[in-house]
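As structure tokens, the structure follows; a few thoughts come after it.
Note that these values count all heavy atoms, side chains included, but never hydrogens, waters or copies made by symmetry. Keep in mind the model is a prediction, meaning the values are calculated, not measured.
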Number of protein chains: 2
Amino acid sequence: MPLDNHPIIRKIESIARLSDEEREVLRHLPVSIRDYERRQEIVREGESPVHSCLLIEGFASRFKLLEDGRRQILGLHVPGDIPDLQSLHLHRMDHHLATVSPCRLGFIRHHDLNEMNARNPRIAAILWRVTLIDAAIHREWVVRVGQRSARQRMAHFLCEMFLRLEAVGLAVNGRCVLPLTQADMADALALTNVSVNRMLVQLKKDGLIALEGRLLQVLNWGGLMRSAHFDPGYLHLNPERVISTLSVPRVHSGDAGAAASR
Amino acid sequence: MPLDNHPIIRKIESIARLSDEEREVLRHLPVSIRDYERRQEIVREGESPVHSCLLIEGFASRFKLLEDGRRQILGLHVPGDIPDLQSLHLHRMDHHLATVSPCRLGFIRHHDLNEMNARNPRIAAILWRVTLIDAAIHREWVVRVGQRSARQRMAHFLCEMFLRLEAVGLAVNGRCVLPLTQADMADALALTNVSVNRMLVQLKKDGLIALEGRLLQVLNWGGLMRSAHFDPGYLHLNPERVISTLSVPRVHSGDAGAAASR
DNA sequence: CGGTTATTTGATGGGAATCAAAGGTTGTGG
DNA sequence: CCACAACCTTTGATTCCCATCAAATAACCG
């Protein structure tokens with residue numbers, strides 16, 4: 001099954017099992033591919049798109065702009081995601097969608113999706129589920145922004161991104177590429193770029209991560225999770241597909257305690 | 001059509017049009033009614049419910065508990081809502097659901113919902129849409145908690161609750177019942193009860209609202225919206241059904257400016 | 001390379017948290 | 001119907017985390 005490397009199938013299989021038939025149906029959906037540069041708009045708030053897009057390569061972000069120009073990022077999307085699937089049934093966009101890095105997107109007409117869904121209730125349910133996981137991530141986003149300290153937010157965010165990337169095969173050996181600026185992370189975490197920078201410095205100093213350019217290396221997964229109070233349940237990853245290259249170290253590294261307290 | 005007063009139908013018709021047939025199908029779903037007292041758990045994090053519940057009367061809240069006992073409320077639900085509809089396809093609860101006030105709930109088996117959905121793709125799409133609106137509210141919740149000042153959060157929250165109650169006929173003449181303690185609002189807004197109290201005092205002083213016990217009276221809808229920078233788009237209410245008893249006053253009441261600036 | 005964009009570090013200030021305690025309200029049982 | 005307890009609201013004083021302001025590198029890119 002070499003074609004299982006197709007991003008949407010990888011992604012969906014990380015959260016649900018597919019029959020060969022269903023894989024076939026998905027593979028044959030008409031998709032028009034288009035490449036975007038970094039920081040291009042895909043859909044704007046207020047629009048009523050007639051497609052949804054599958055993110056094939058690159059990172060995208062959903063955000064709202066405030067009256068004074070501040071930006072709150074509501075979610076980040078990685079290959080395999082369908083960042084505006086909600087527009088299938090919510091006809092007016094209530095937020096923006098834009099690329100963060102150069103992206104390849106596959107656009108699928110709502111018409112085709114609706115037809116597929118009417119014929120394949122099981123696939124419809126899986127896509128519904130995809131949007132529900134999206135909502136689950138939104139909920140954790142609320143908690144992160146509402147209740148967590150700057151340091152916890154940063155660590156929690158890195159945990160989430162790492163696991164989501166791992167689920168689609170984009171993180172190996174504790175390493176992944178995060179094509180985000182610190183200002184991007186600030187808008188995601190409701191912090192300033194200054195605070196983001198300071199927290200990253202801390203996490204590095206504490207030996208939890210290394211970060212050079214856009215390459216993130218998780219040095220101490222257990223410590224990172226603990227200092228974030230991270231619980232991956234909300235990602236609703238399929239346990240069988242979670243690669244978990246990162247065993248939680250049993251060591252009481254002392255550092256983790258320090259991490260939690262500061 | 002007197003039965004249109006049935007809460008689920010009122011609610012769904014506030015966001016989508018139903019055929020008589022569809023109304024029929026919905027009315028005949030097996031529902032088992034159960035009454036709850038104030039502050040009772042309905043579903044706990046970690047459980048895998050086999051029902052979803054329709055909130056017929058009362059208020060419910062969804063929340064996560066943190067390691068130290070803090071609570072972040074992720075959403076409040078009003079009659080007509082189906083607060084755990086997501087459990088239909090996300091089998092493990094990633095948060096708690098509990099009553100805020102005494103409630104009457106109607107439980108519908110997932111089995112029955114799935115059967116209905118497989119047979120009625122249009123109803124399935126409407127229910128999907130219900131969960132998507134839920135997610136849209138989560139997104140605005142992120143913005144509120146992430147970017148708004150204490151005063152804006154409070155005003156924004158009141159705007160949202162008022163419109164949602166109005167959409168199901170539970171707000172008239174600018175008045176509605178909000179059976180929440182200030183501590184509840186604090187957990188929703190990621191503030192302390194002290195701050196909530198201070199902001200409520202401010203909003204009263206500025207003549208935007210009156211609040212006696214659990215009865216909220218909106219005195220200046222335009223001013224309240226402006227001081228919250230509230231834009232109702234994210235609620236995805238059906239424009240035809242939005243009652244809007246509250247015309248936005250064209251007066252530049254001076255107060256609104258003061259409201260925005262402080 | 002020069003110019004823009006991104007990261008890093010230091011100094012200062014403010015908005016809301018925290019701490020503390022006094023009033024109100026509600027409900028229950030004597 | 002009063003009294004007491006539990007809960008909720010209100011107000012004041014103090015603290016602290018992170019935003020803000022400022023400026024010096026460093027990295028990227030055409």
How does protein contact run along nucleotides 5-14 of chain C, one letter per nucleotide 5' to 3', with B for base contact, S for sugar-phosphate only, - for none, heavy atoms under 4.0 Å?
-SSBBBB---
Within less than 4.0 Å of OP1 or OP2 of dA17(C), is there a side-chain N or O belonging to T192(B)?
yes
Check R62(A) with D81(A), please: is the shortest side-chain N to carboxylate O separation under 4.0 Å?
no
Q202(A) CD to dC17(D) P: how many Å, rounded?
11 Å
Indicate, with a heavy-atom threshold strictly under 4.0 Å, whether A186(B) touches base, sugar-phosphate, or nothing.
nothing
What I want to find out is whether D134(A) reaches R139(B) closely enough, with some N-O distance under 4.0 Å, to be called a salt bridge.
no
Figure out the CG/C1' separation between D187(B) and dC8(D), and round it to whole Å.
14 Å
What's the separation between atom CG in L105(A) and atom CG in D84(A), rounded to the nearest 0.5 Å?
9.0 Å
Rounded to whole angstrom units, what separation is found between the CG atom of L189(A) and the C1' atom of dC18(D)?
13 Å
Applying side-chain hydrogen bond (donor to acceptor under 3.5 Å, both in side chains) to R214(A) and not counting sequence neighbours gives none
Separation of atom CD in Q147(A) from atom P in dC18(D), rounded to whole Å
13 Å
How many Å lie between CE on M154(B) and C1' on dT10(D), as a whole number?
15 Å
Taking only side-chain nitrogens and oxygens of S195(A), does any of them come within less than 4.0 Å of OP1 or OP2 of dA19(D)?
yes
Would you kindly give the CE-to-P distance between M185(B) and dC8(D), to the nearest whole Å?
12 Å
What residues, two or more places apart in sequence or in another chain, satisfy ring-ring contact (aromatic ring centres under 6.0 Å, His included) together with Y36(B)?
none
Please state whether the rings of F157(B) and W141(B) are parallel, tilted or perpendicular, taking 30° and 60° as the class boundaries.
perpendicular
